[in-house]
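Structure, as structure tokens:
Numbers restart at 1 for each chain; the letters A, B, ... are given by sequence-line order, proteins then strands. Just so it is clear, the values below take in all heavy atoms, side chains as well, and ignore hydrogens, waters and symmetry mates. This structure is a prediction, so every number in the text was calculated from the model and none was measured.
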Protein chains: 2
Amino acid sequence: MAKTSKEKSKTYHHGDLKQALVDGAVRRVEQNGVKGFSLRAVAGEVNVSSGAPYHHFRDAQALLTAVAERGFRQLNMALNTASEAAGTYPDKLAGIGTAYVLFALEKPQLFALMRQPEYWTGPDAGALQEARAATYGALASVVDGCLPEETETARKDACMAAWSFVEGLALLATDGRLQTLSPDEAPEDIARRLVGCFSPHSFSKGDQQ
Amino acid sequence: MAKTSKEKSKTYHHGDLKQALVDGAVRRVEQNGVKGFSLRAVAGEVNVSSGAPYHHFRDAQALLTAVAERGFRQLNMALNTASEAAGTYPDKLAGIGTAYVLFALEKPQLFALMRQPEYWTGPDAGALQEARAATYGALASVVDGCLPEETETARKDACMAAWSFVEGLALLATDGRLQTLSPDEAPEDIARRLVGCFSPHSFSKGDQQ
DNA sequence: CCTCGAATCTGAACGCCGCTTAGATAGAGC
DNA sequence: GCTCTATCTAAGCGGCGTTCAGATTCGAGG
């Protein structure tokens, strides 16, 4: 029997503590960031002793890894939706890039956690790595679809360049540097505009300089 | 009288504790990252009680702000050197972009600290903000020099796009994602190649695609 | 239905952390 | 030489992650 979060802890066993911990951790990270997260606080929030989480997660980092994994799943859904919504490949590219930056803007703290390499190394990061690979795959396939026939390395370079650009945009957007461009414009609109300027063709020819 | 780090603490007053703390903090951050940093450990390293640093820094974050500031000064020197070494503006652009990524690759932990917004907000971040602005200015002026005459917003957009791309490259390079392109190639070489592919012209025309 | 092993949770403890405070010490200006 | 102020120490507070022995409950097999 599942318990709602409000009702007092009557049962010695929680029932679904693992999921409750991830839920609480996600909420705390989204509100206060990784720095404002503590395993004890999350445990207290679900009326459980400070040692209880260790029956479900090897340590605090493992719980945060689960949080990041959930973040990647949400991100992948957003990217797929945006990609399928567009008809032509250039539109897909603009759409998926914009969706990436918008996700970062909507959940900046969660996105910052997802960017930390320490959570996708480690022994409990298998599912996370899978979700991360899917994210890159989604973007790469769209970029690849925009490219003319080229050498293998040129295609790969273009994918990586697009990845870099979008990741950089998301980074600048989340910590407000994008807004220094035009303070009156909404950061979402700036992001849309800059993503739209990107053309993978300019990266697929190495001698363009 | 300055003390070397090795000799035992004989004097009650340290002499130049503030600088010694920054030195120790830089060393610790470069070796173990921000997570492996603690104010107590740095204090102990320079043979000083755990409360002493608070006479020179308001809190641990203020010390890390000083660390980040020193990092930005080093980065700015590297960027200026690279920019002046090249003759033509396209060469300057490739040089400064490469220098940026190479700095990130040489000091990844320090660079990761410099990327955290929490250190350049706050009341003790004046000098840091100045150094950060100089970093952006150096890149922006070089990008601007590469551009043909355009509208003001187009030039600004191109600068921001270049900024995003380089920042994204540095991010991907430092956490190893760049190496997935070609595992046999040195990350420095991949970075050089991708930076070289970038052309600001492709961003200065919004209707290209 | 009952029993017993395994899974789960508690409560207390350890060591480390950031930060504060009261008081000791040393250098600087008169 | 004396005082004033900056600097440093020692001790302590609460919070943290983590561990562990023991209490509690679940669930499978008799």
Exercise for the section: Using a cut-off of strictly less than 4.0 Å, decide whether B:His56 has a side-chain nitrogen or oxygen near OP1 or OP2 of D:dC8. Expected result: yes
Out of D:dC8, D:dT18, C:dC9, minimum distance to the side chain of B:Leu17 belongs to D:dC8
Per atom distances to the B:Tyr54 side chain, the nearest of D:dT9, C:dG18, D:dT19 is C:dG18
| message | For A:Ala131, is there any backbone N or O sitting under 3.5 Å from a side-chain donor or acceptor partner on A:Thr135? | response | yes
Among C:dT10, C:dA12, D:dC8, the one nearest any side-chain atom of B:Ala52 is D:dC8
For the rings on B:Phe165 and B:Tyr100, is their centre-to-centre separation under 6.0 Å? no
*Enclosure of A:Gln129 CD (heavy-atom neighbours >12, cutoff 6.0 Å)*: yes
Testing C:dG18, D:dC8, D:dC16 for proximity to the side chain of B:Leu39, the answer is C:dG18
Comparing A:Gly51 with A:Arg40, nearest DNA chain C nucleotide closer to 5' gives the residue A:Gly51
Report yes if the side chains of A:Glu30 and A:Phe111 come closer than 4.5 Å at any heavy-atom pair, otherwise no. no
Practice problem: Could you tell me whether the phosphate oxygens of D:dA10, OP1 or OP2, come under 4.0 Å of any side-chain nitrogen or oxygen in B:Ser49? | Solution: no
Between B:Asp59 and B:His55, whichever has its closest DNA chain C nucleotide further toward 5' is B:Asp59
